[in-house]
2 protein chains.
Amino acid sequence: MSLFLSTHINRIDKKGRVSVPAGFRAALAGQSFHGVVLIRSSAHPALEGFGWDMMHELSNRLDEFDIFSDAQDDLATAIFGEAVPLSFDGEGRIVLPVELMEYAGVVEQAAFVGMGRKFQIWEPAALKERQSQARSAIRDKGLTLPREARG
Amino acid sequence: MSLFLSTHINRIDKKGRVSVPAGFRAALAGQSFHGVVLIRSSAHPALEGFGWDMMHELSNRLDEFDIFSDAQDDLATAIFGEAVPLSFDGEGRIVLPVELMEYAGVVEQAAFVGMGRKFQIWEPAALKERQSQARSAIRDKGLTLPREARG
DNA sequence: TGGATATATATGGGATAGCATGGTACAGGA
DNA sequence: TCCTGTACCATGCTATCCCATATATATCCA
């Protein structure tokens, strides 16, 4: 499989380590970098996560901009400057940096939410609230999925 | 891995030495020149940094301009004329020349900001401001990374 | 079908190596 | 000879590796 699916809640030990769900690790198998990349979510008190190949893709897109241009600079600062690569240990765990833990408000448990090509990490209680919020947004606005994304 | 990612703040000792983050050094591994190239940022009180091979790419991009044109001349002067190659010592440190330290306003700490294929060096407090500025620029201008890479 | 065994996942703790940092010795140039 | 810059050596801390254990799931055999 190569998509991040479903939600897993794992414990954070006193070293800040947390197991990445086995299914997520399977989705990342075969990548050059054995780990994940995390970045603060701009919209939520949560962390966005994906594999190294995604960073490569973002880098390629960034190369389309003129080097030293304002747009290139803004995007690179906000995206690459804030992205944190975290490699797996032998047991498939990562160590969450304290700044990221504080940003997401996680303390002793982290909820991994599969979102297809990416995933998010939430404080479990905050996630519950977010989920009901998302459900009602879909209902109220009548949101649906478009036919297919190009590319 | 071969991309500069995330932000590291390192101390500058009284000799002007500062450790290049281990992850950045890893991104530079395998290059012929064992060190980095720094130039003054034209847009910010900061320094632009990259590996030696990037100089070749800059050279190629510069070839897009008419040689002997004013633009080519200006850019070549600013980029190649001002570029400072700094080699690593045995511990992966570089010595920042005082002119560059003054230009970036760094004194006892330097923030290394990963930006994909290049990085920047900032005075930590100035960087914080720059980061929030970049975030709001992205929000206000609706900047995104284009989905499809144009050849 | 049910129980027992094997495999994989999640979790915990201790040992070790790498990194960031500081200092000293040496060499080359003024 | 002095001074500046470079190479080498030393150290504390932190992160990474490695081993151990519990729980859950899957498999196998009676």
Side-chain angles (χ1 to χ4, degrees), chain A residues 1 4-30 32-38 49 52 83-102 106-114 119 121-124, chain B residues 1 4-30 33-38 49 84-102 106-114 119 121-124 127:
Chain A
M1 87 176 94
F4 302 110
L5 287 186
S6 103
T7 298
H8 306 261
I9 297 180
N10 285 342
R11 181 172 175 75
I12 304 172
D13 67 20
K14 47 191 168 190
K15 290 182 178 179
R17 292 182 300 189
V18 61
S19 288
V20 174
F24 287 23
R25 297 203 303 267
L28 293 167
S32 55
F33 174 63
H34 199 59
V36 300
V37 178
L38 296 186
W52 184 260
V84 184
L86 301 172
S87 55
F88 295 140
D89 68 8
E91 286 72 40
R93 288 174 292 194
I94 56 175
V95 181
L96 293 176
V98 278
E99 313 87 55
L100 294 186
M101 286 183 63
E102 285 170 1
V106 297
V107 181
E108 46 178 32
Q109 284 192 322
F112 289 76
V113 186
F119 62 89
I121 298 178
W122 285 76
E123 196 286 315
Chain B
M1 72 177 107
F4 301 110
L5 277 195
S6 104
T7 298
H8 305 263
I9 296 179
N10 285 343
R11 182 170 177 76
I12 303 172
D13 68 18
K14 44 192 169 189
K15 292 181 177 179
R17 292 182 301 188
V18 61
S19 288
V20 174
F24 286 23
R25 298 203 304 265
L28 293 167
F33 174 62
H34 199 58
V36 300
V37 178
L38 297 185
V84 182
L86 300 172
S87 55
F88 295 140
D89 69 7
E91 286 71 41
R93 287 175 292 196
I94 55 175
V95 180
L96 292 176
V98 278
E99 313 87 58
L100 295 186
M101 286 184 63
E102 285 169 1
V106 297
V107 181
E108 46 177 32
Q109 284 191 322
F112 289 76
V113 186
F119 62 90
I121 298 178
W122 283 77
E123 196 287 315
L127 172 64

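The shown structure was predicted, so the numbers you read here are calculated from the model rather than taken from an experiment. Residue numbering restarts at 1 for every chain, and letters A, B, ... go by the order of the sequence lines.
Taken to the nearest 0.5 Å, the NZ atom of A/Lys15 stands 8.0 Å off from the CZ atom of A/Arg93. The distance from the CD1 atom of A/Ile121 to the CG atom of A/Asn10 is 10.0 Å, given to the nearest 0.5 Å. Annotation: the span from B/Ser6 atom OG to A/Leu38 atom CG amounts to 11.0 Å, rounded to 0.5 Å.
Looking at which nucleotide of DNA chain C each of B/Asp13 and A/Ala22 is closest to, the 5′-most match is held by A/Ala22.
With sequence neighbours left out, the side-chain contact (heavy atoms from CB on, under 4.5 Å) criterion links A/Gln109 to A/Ile9, A/Pro124. For B/Glu108, the side-chain contact (heavy atoms from CB on, under 4.5 Å) criterion is met by B/Arg11, not counting sequence neighbours. Here A/Phe88 pairs with A/Val20, A/Arg25, A/Leu28, A/His34, A/Val36, A/Ile94 under the side-chain contact (heavy atoms from CB on, under 4.5 Å) rule; sequence neighbours left out. In this view, A/Val95 and A/Arg17 satisfy the side-chain contact (heavy atoms from CB on, under 4.5 Å) rule, not counting sequence neighbours.
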- Heavy-atom protein contacts under 4.0 Å, nucleotides 10-26 of chain D, coded B base, S sugar-phosphate only, - none: ------BBBB-------
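Separating the CZ atom of B/Arg25 from the P atom of C/dT21 is a distance of 11 Å, rounded to the nearest angstrom. Atom CG in A/Asn10 sits about 12 Å away from atom P in C/dT9, given to the nearest Å. If you measure from atom CD of B/Glu108 to atom P of C/dA20, you get 18 Å, rounded to the nearest angstrom. Here D/dG5 presents its P atom at 15 Å from CD1 of B/Ile94, a figure rounded to the nearest Å. Distance B/Phe24 CZ to C/dC19 P: 14 Å, rounded to the nearest Å.
Nucleic acid contact class of A/Val18 (heavy atoms, under 4.0 Å, all strands): none.
Taking the C1' atoms of five terminal pairs at each end of the helix from C/dT1-D/dA30 to C/dA30-D/dT1, the two resulting helix axes are inclined by 40°, rounded to 10°.
B/Phe24 and B/Phe119 have tilted rings, their planes meeting at an angle from 30° to 60° on a 0 to 90° scale.
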